[in-house]
Structure formats: structure tokens, C-alpha cells
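We name chains A, B, ... by the order of the sequence lines, and we start the count at 1 in each one.
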Protein chains: 2
Amino acid sequence: MGRQKKTELSGVKEIARRANVSIATVDRVIHNRKGVSEATRQKISEIIAEMGFQPNILASRLASKKVNHFAVLIPKSSETDYWESPVKGIERAHQEIKQYGIVLDKYFYDLNDKKSFTKAANLLLQKQCDGVLVAPSFIREATDFTSYCQAKNIPYVFINSDIPGRDSLCYIGPHLYKSGYQAGQLISFGLKAGNVLIVNISREIDSYHHLLRKEDGFRAYFNDNKGGQIELAKIDIRDTDQQSIEETLDAIIAELQGVDALFVTNSRVRSVASYLVKRKLEHKILIGYDFLQENVKYLKQGVIDFLIGQKPEEQGYLGLMTLFQHIVMGGEMAQVNYMPIDIITKENYEFYKN
Amino acid sequence: MGRQKKTELSGVKEIARRANVSIATVDRVIHNRKGVSEATRQKISEIIAEMGFQPNILASRLASKKVNHFAVLIPKSSETDYWESPVKGIERAHQEIKQYGIVLDKYFYDLNDKKSFTKAANLLLQKQCDGVLVAPSFIREATDFTSYCQAKNIPYVFINSDIPGRDSLCYIGPHLYKSGYQAGQLISFGLKAGNVLIVNISREIDSYHHLLRKEDGFRAYFNDNKGGQIELAKIDIRDTDQQSIEETLDAIIAELQGVDALFVTNSRVRSVASYLVKRKLEHKILIGYDFLQENVKYLKQGVIDFLIGQKPEEQGYLGLMTLFQHIVMGGEMAQVNYMPIDIITKENYEFYKN
DNA sequence: TATTTTAACGTGTACGTTACCGTTATGAAA
DNA sequence: TTTCATAACGGTAACGTACACGTTAAAATA
């Protein structure tokens, strides 16, 4: 398709011409380096504004062989393979932007070990970096870490869970409360009367906090929409091995004299599904979280009725991209970016994008 | 963060060095232009492969100042504002890639006028372009158009609806049949027994075809999952003014002696919602398509229970990006890219991303 | 044989920006 | 006065690639 029309007066060169200075001086004010008199700086700034000058990022990045290090600090994949998805998203984003001289440093911690967070964080802080993407699973530790970042003037974005008070560039993740609320609506739509059991399965007391937000939202739905004859009950399960789960469920269901629907507040819904199959209770309504292989298996079988997805891969992708936009492109980003509350069923799972 | 480590033998220069040729020759084989002996071409190709050479797109685009014209041929926003979303997505994509010298030419046609499609298409073909994104609403006309494209060797991607036989780069849009199937599941989940009415509202006989695919899927669900006492009925409405719709609905509902749920096969669900409000039938289950302002209004009011979304904005975005990836980046794309079948409710709509 | 063509390759400049280094002028310290 | 520091600026070589053009030698033609 031919070549561009003769460059119609744009770029630093044109700015330099109009201001009667060299392009070097223009460059100085663009990157507000020192060595320019206030008068010239003013003049050039005006010209830039009036031209609506946008530096050519291609040329810029090419010339300044600058390299930016982005660090990510997230849990390693453990019991569930949940955290593989954000990693995938992060790597996809990296693939797209490494042309611009972005290098990625990954640090992993153990969700079952607070200390490992601090350890990884210290390792991270050792090395220089220009931005960090962090999943602040442990509130206190993450707060300490981000304080360091602020002291060193390193911007950070939160992913997957938020610490509202902090001065993060952005939070990218689910609105936990509302996702529980949504689960409430779904169960309510399918069950007009009966017993509903809320199931919290988590070994870690810290991540427990997240589950509670979902539970609150869930309960709130039934509070806001009375009318049906729904009875809510709840069970916390700390021993996450399958046998303990099954025994606990047996006990509570016996106590309640049967349940009609179960809401599992995290991705461990697969364990409950497995239990229901074993007890031949597949017809119970079952809702849980996360588009994981094991969960989808039960979704396909019709044991799980709905999965709520929070786009973990997209979270990772957007997280890194947010850093990129802010640090490299100099764009402004929204302060929070809630993921959609995706409803996944046997009928639509094959088109779902994490 | 400092400068990059001394360029460790990469790029065309290194290839040239290894092959004992000039970089111009390397350039020739990279862009497979003529003027290179078969032997040298072979040798250079091998070196490229073994080095895993990836041309620096920044430098490439900068040097070549090449401009690619992408054309889009889609309906103009009319009765519904549905097509505003794809346009938004397209423009967002353009914003991202215009740095690479992409210029966008938009052509609109009238969904109520086949001729306007051909007219716009001819206009488009007048001008040179390197790729086109087309919503092939009229099968015959679009087939003709894409034949021209193939003759002129212009790649094209389909958006929003497909023409399976054609040799498009890619189809990006919903799986209509399955989306209907999904609607079936939702209604079935909330209604164990009763009358369900399928409502097709469309003036254009041509776009009717799409509605039928959805209806087929919807019916298929109840066929595959018998058990409930669900009776299906159907009504086609060609006169799309509100009064005709209401009269027709009055008649059919009287005839059926009441309905418990309605499935509207397109975005005109708002009209049915309006009707239900007027007749004080808001409690009926109502499902329809598309995340449009008017529809969301009734969703919020609880008149519409579920909306099925097909990410129109993302369709536009991905459509243009697919062209970009294929034509500029030289990447290979999947042949079809079905959008997820999104389930939107009163509870999650505020987080939905079109 | 002399001339022209052509295949096959090399040279050099441009793309828009960055950053290093050099230059000038001015004023303060010696 | 000279010396020197410093602020304010200019010149220009890169960055990696693209491409117009120049060159060479061999083959084709006259």
C-alpha cells in the first residue's frame, strides 16, 4: 500500500524547528531532564501541547534500548491448579510487550506459609525493578511489602484480592461479596423452598477472610429477597482431606435432615461434588467457584450446576498490562478493575475464556 | 534500569555475518523477494530457523513506514444500539495498532436494506485495502462480496455471524445454536413445569435465519432433557412496532391459556419486557439477548431474568486484531473464535464487559 | 567481439527518537 | 587577570530494519 505521505511536520524535529532549538533540547523537556532554561521549557511545552505531539513509541523504545523489569509475586500452584491461570495470562502479556524491552521476574510463595511470602518479597526487593504485580494473600505481610515499595517508589498492582487501604496503582480481581450475592440468586432461581448449606473449605485461616466476604454476599441475597422458604446453614471445614470433608458433610446433612442445595465458597467444590456422587446425591443443586479442570469435570456430569468464574488468566494478563500502560506508555488507569462474575454451566463451558 | 547488554549477536546483521552476505540479501529472503540464488536463500533460511530469528517489529515498522488499510463493513446502528459496541471495540483496537501504521476505513450498511450492503461493498472495493472485517448479514450479497475479495487476494474475517462455506480468515462471534441451548437450561432450571413461549421478533426475513438457529438450540435442550412438564410454543412477529407486538402477544397468550416463561431470540426482549410490565406479568420468566441499555433497564427491574451476551465489543476488537495479527505480524489464527455465552443477571450486570 | 540484459548481491540512507559528548557563555573563585 | 565550574544548549551516532539504488559478473544478443 505504498509509503506514507511526506511526513507532514511532526515529531521532535518539527518541535525543534518551531522553537528554534535543537532536538536535543526538545528531548530534554519531553523527559523533563534538567539543562533547559525555564523560558525555553515553557515555550517547547506550549508547542508540544498545541501540536498534540505524541512521541513515537516504536522509535523511542528502539533508540533508548531501555529495559524495564516487572516483578510478579504470586502463589505457586498448589492443591488446586488455580494459579496456573494467572501465570498463563501474565506470560501472554509478557509475550506481547517484551518487544518493548520488558523483562519479567517471577517470585512465588506458598499459600500455606506466610513466611514464604516475606521471603519471596525480600528476594524481590533485593533486585531492582520498575513495577510489581502482587497477589496480597496475607494482609499484614503484603502491607509491609507494599510499604517498602512505596518507599522505593515502585508502583504495584494488586491482583485476585485487594487491600483497600493501600495506595496500589490498581486492583484487578473479583468483587467477592457480589459474587456470593450472584450465587444466591442462582440458587434462589432454582429452589423455591428448602435447606441450603454454605460450605467453607480452607486450611488457611488467612485466606478465610475472602471466603467470608462471599458468604456475606450470599446471605445478603436471601435477606434482600425473602419470600421463598429457604433455610441457610453453614459449615466450616478446616481439614481439607477428602475423608474429613465427607465425614463432616455426612454429619451436618444428617443434622439438618437433608439439604437441597450447597454453595461452596471456593474452588474446593470438586470435593463436595465427589462426595455427592459417592452418596448418590447428584441431583442436589451445587454451586462453587473457579473454572478448573476437576470442577468442569463435575459440571459436565451435571453434579455441579453452576460455577462462578473470575477470569484468573485475564487477571494476570491485565495486571501486567496495567503496569506496562502506566510505566511505559504513561497512561492513566482505573483504580479498580472488577472482573465480571461469570456464570458457567454444562451448556456454555466449552466457550468460556478464563 | 540501565541499558541492554551488548547486543548478543542477533538480528539481520548477525544472520548476514553468519551467511557471508549483506543484510540486504538477508532482507530479501526474509520478505521473500526475488534476487537471491536458491543456494543462498536456502542457507539463510536455515540460519534464520536455527537462530529462531524474530524480526524486531518496532524497527521494521519504523523503517518501512508501510501503511495498511483495514476496512470494516458492518451495519450502522439502527433500532437497537447493538452495533455501537462492535464499533467501539474496533476503534479501541485501532487505537492500539495505529502506531504500526494501520489506517481504518469504515463502511456502514442498513440492516433493513440489502442493496445498501452491496453499495457499501462496492465503495469499499473501489479503494485499495489490505484486509476487511465484515458482518455478513445478507448471505448472498456477502458471498458475492467475499468472492471479489478472494479474487483480489484481500483476506477477510467474519464477525457476528458466519457463512460456513466461505474461505474467511476467521469467524468471530457467537455459537447461535448453543446459546439457545443455554437459554433452555436456564429456563428449565427455574421452571419445572409450564408453558414456554419462543418469541421471534424481526422485520428482516434475512436475519431471521440467525434467530432460527437459536430457536433450534433452545428446543434441543428440552428434547435432550425431558422430564419436566414443559410445553413449547412459538410466535413469529414481523411487525416490530410496540403495538403490534403487544397485540400479538395478547392473542397467543390467550390462546395458550397463559405462559410461564418467554424466550426472545434477539435483543428485542425489551419490547416483551415492556409488554409484561404493562400487563403486570413481571413475574414471568423472561430471557433474551444482548447487553443493551434498554434491556439492562428491565434486567435491573427484575422483569428480564437473564440476558445472554455475546460480547459485541470484543468481537469488533478481536476482529480487527485478527486482521492485524495475520497481515502485519504474520501470525496464524484459529479458524473460528466463538464468543463465550455470557449469562447476565440483575446481580452481575454491573461487572459485565461487553 | 561488442553490447545489452539480467541475476545476484552490496552500499548507503532513512525512519523518529535517545543519549552521549561537545560547545558556548556566564559568573564566581583564584 | 586567569581558571574553572556550571547552566544551557547543539551535534550526531546509534537502535534494527527497509529499500532505493549502485555494482558486478555472467549470460544473452547483436
**Fill in**
Within residues 52-61 of chain A, the residues having a heavy atom closer than 4.0 Å to DNA chain C are A:Phe53, A:Pro55, A:Asn56, A:Ala59, A:Ser60

**Asked** Taking the side chain of B:Asp27 as heavy atoms from C-beta outward, which of D:dA18, D:dG16, C:dA19 is closest to it?
**Response** D:dA18

**Prompt:** Expressed in angstrom and rounded to an integer, what is the separation of B:Arg17 atom CZ from C:dG10 atom P?
**Reply:** 15 Å

**Item:** Heavy-atom pair of closest approach, residues A:Tyr107 and A:Ala120
**Value:** CD2-O, 4.0 Å

**Request:** Please identify each residue that fulfils salt bridge (charged side-chain N to carboxylate O under 4.0 Å, His left out) with A:Asp162, with sequence neighbours left out.
**Result:** none

**Asked** Which of these passes ring pair (Phe, Tyr, Trp, His ring centres under 6.0 Å) with B:Phe324: B:Tyr100, B:Tyr317, B:Phe70?
**Response** B:Tyr100

**Prompt:** Quick one: is C:dG16 close enough that its OP1 or OP2 comes under 4.0 Å of any side-chain N or O from B:Lys65?
**Reply:** yes

**Message:** Between A:His326 (side chain only) and A:Thr322 (backbone N and O only), is there a donor and an acceptor less than 3.5 Å apart?
**Reply:** no

**Message:** Under the salt bridge (Lys or Arg N to Asp or Glu O under 4.0 Å) definition, can you give me all pairs with a residue in residues 84-97 of chain B, not counting sequence neighbours?
**Reply:** B:Lys88-B:Glu313, B:Glu91-B:Lys106, B:Arg92-B:Glu313

**Message:** Between A:Lys98 and A:Val103 (side chain of the first, backbone of the second, donor and acceptor by atom type, cut-off under 3.5 Å), is there such a pair?
**Reply:** no

**Request:** May I ask you to decide if B:Leu125's main-chain N or O and B:Lys152's side chain share a donor-acceptor pair within less than 3.5 Å?
**Result:** yes

**Fill in**
A:Glu14 CD to C:dC15 P, in whole Å, measures 14 Å

Please list, one pair per line, the donor and acceptor atoms closer than 3.5 Å that link side chains of residues 42-59 of chain B to other protein atoms, with sequence neighbours excluded.
from, atom 1, to, atom 2, distance (Å)
B:Ser45, OG, B:Arg41, O, 2.8
B:Asn56, OD1, B:Leu58, N, 2.8
B:Asn56, OD1, B:Ala59, N, 3.1

**Length of the line joining B:Leu62:CG and D:dC19:P, which is rounded to integer Å** = 12 Å

Atom pairs under 3.5 Å: protein N/O with N/O of nucleotides 23-26 of chain C:
none

**Prompt:** Counting N and O atoms only, with roles assigned by atom type, does the side chain of B:Lys66 sit under 3.5 Å from a partner on the main chain of B:Arg61, one being a donor and the other an acceptor?
**Reply:** no

**Prompt:** Rounded to the Å, how far apart are B:Lys13 NZ and C:dG12 P?
**Reply:** 14 Å

**Request:** Please check if the side chain of B:Gln315 supplies one atom and the backbone of B:Gln310 the other of a donor-acceptor pair under 3.5 Å.
**Result:** yes

**Request:** Could you check how far CD1 of B:Ile15 sits from P of D:dG16, rounded to whole Å?
**Result:** 13 Å

**Asked** Nearest 0.5 Å, what's the CZ-OH distance between B:Phe145 and B:Tyr148?
**Response** 11.0 Å

**Request:** Starting at atom NE2 of A:His31, determine the distance to atom C1' of C:dC20, rounded to an integer number of angstrom.
**Result:** 15 Å

Might you list the N or O atoms of the protein lying below 3.5 Å from N or O atoms in nucleotides 7-10 of chain D, with each pair's distance?
from, atom 1, to, atom 2, distance (Å)
D:dC9, OP1, A:Ser37, OG, 3.4
D:dC9, OP1, A:Thr40, OG1, 2.8
D:dC9, OP2, A:Ser37, N, 2.6
D:dC9, OP2, A:Ser37, OG, 3.2
D:dC9, OP2, A:Thr40, OG1, 3.1
D:dC9, N4, A:Arg28, NH2, 3.2
D:dG10, OP1, A:Ser22, N, 3.1
D:dG10, OP2, A:Ser22, N, 2.5
D:dG10, OP2, A:Ser22, OG, 2.7
D:dG10, OP2, A:Thr25, OG1, 2.6
D:dG10, O6, A:Arg28, NH2, 2.4

